[in-house]
2 protein chains.
Amino acid sequence: MRLDDVDVAILTELQEHGRLTNSELAERAGLSASACHRRVKTLETSGVIDRYVAILSEKALGRGITVYVQVTLDNQKRETLVAFETAVEAVPEVMECYLMSGDADYLIRVLVRDANDYEHVHREILSGLPGVARLVSSFTIRRVFSRTTMPVPEELRV
Amino acid sequence: MRLDDVDVAILTELQEHGRLTNSELAERAGLSASACHRRVKTLETSGVIDRYVAILSEKALGRGITVYVQVTLDNQKRETLVAFETAVEAVPEVMECYLMSGDADYLIRVLVRDANDYEHVHREILSGLPGVARLVSSFTIRRVFSRTTMPVPEELRV
DNA sequence: GTTGAAACGCCTTATAC
DNA sequence: GTATAAGGCGTTTCAAC
């Protein structure tokens with residue numbers, strides 16, 4: 001699927017304002033409402049737009065601290081990996097989990113209230129996950145920025 | 001601001017389906033439409049709901065590979081940090097940037113099409129950012145999961 | 001908290017160009 | 001791509017309970 005400038009404009013707007021009305025969106029994209037509506041539907045059914053979500057405020061929910069944790073397991077047996085992955089997904093403080101190349105097996109992003117809270121999560125939850133041999137925690141001091149907006153790569157442009 | 005079970009139900013739904021109609025949401029939350037509408041407005045104005053966004057498909061956009069990069073700068077002078085932060089935010093492939101404690105100064109998450117593409121980003125863009133002394137790249141093999149849904153902490157429950 | 005009503009805007013589909 | 005029309009649905013506000 002190729003995307004032209006208008007598609008990009010639509011995607012850019014919706015990535016920032018997911019609940020724009022179609023008429024507002026049409027105006028911002030410089031399109032008639034019907035044309036805009038058709039394009040959005042196409043973008044949705046083609047899978048370019050995956051879904052719409054509400055983003056909650058980490059601050060307002062008292063989850064100010066992000067910690068990255070490198071996880072090394074006892075071994076790389078298939079069952080060990082599956083057991084860990086299943087268990088870690090059930091931990092609500094873990095926002096993201098990647099299987100990694102290199103030293104550690106997994107990298108996870110953990111969201112907690114403060115350092116105290118992390119101590120609890122680390123000791124009572126993470127270190128008890130199946131197969132975990134070692135945890136290396138890296139504290140973030142400050143989030144410089146975070147994008148939800150994904151750039152449209154050149155090779156998809158019209 | 002305290003949140004009761006119904007608020008949590010609303011937040012959970014909206015974090016997964018950000019464009020639910022108010023009437024649909026009301027039904028799922030077990031509320032009348034007007035009561036539901038009032039609660040959502042309150043959650044929005046109080047800042048618990050930060051914003052609504054469309055999530056694009058990384059796959060459909062051909063951005064399959066996530067790379068984490070630990071960035072070490074020449075020094076920690078204020079100007080050095082500011083210059084780097086300003087420049088890195090202008091790189092669209094960088095989705096997130098944290099100032100870190102510990103060995104490296106920054107941790108960034110980079111989204112690219114493939115390893116080739118990363119090679120280009122690494123050599124032509126990242127290593128040219130102001131103040132960069134060392135880059136340590138960690139490739140992800142697979143995203144195990146990623147949440148946009150944030151749990152409501154116990155201490156905020158009614 | 002609930003229901004119901006009313007006004008308005010938007011969506012959605014369908015026209016035709 | 002544009003414009004327009006029509007019906008139905010959803011939102012938003014209000015009043016009353």
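To find a chain, count down the sequence lines: A is the first, B the second, and so on, and within it residues start at 1.
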B:Asp103 and B:Gln70: side-chain donor and acceptor closer than 3.5 Å? no

Between CD of B:Glu27 and P of C:dT2 the distance, given in whole Å, is 14 Å

For atom CG of B:Leu25 and atom P of D:dT12, their distance in whole Å: 12 Å

Search all heavy atoms of [X] against all heavy atoms of [Y] and return the closest pair with its distance.
| X | Y | result |
| --- | --- | --- |
| B:Arg39 | B:Asp4 | NH1-OD1, 3.0 Å |
| B:Ala33 | B:Asn22 | O-ND2, 2.9 Å |
| A:Gly131 | A:Thr80 | CA-CG2, 4.2 Å |

Would you mind building the protein contact string for nucleotides 5-17 of chain C? One character per nucleotide, 5' to 3', B for base within reach (heavy atoms under 4.0 Å), S for sugar-phosphate only, - for untouched. -----SSS-----

Cation-aromatic face contact B:Arg19/A:Tyr52, 6.0 Å, 45 degrees: yes

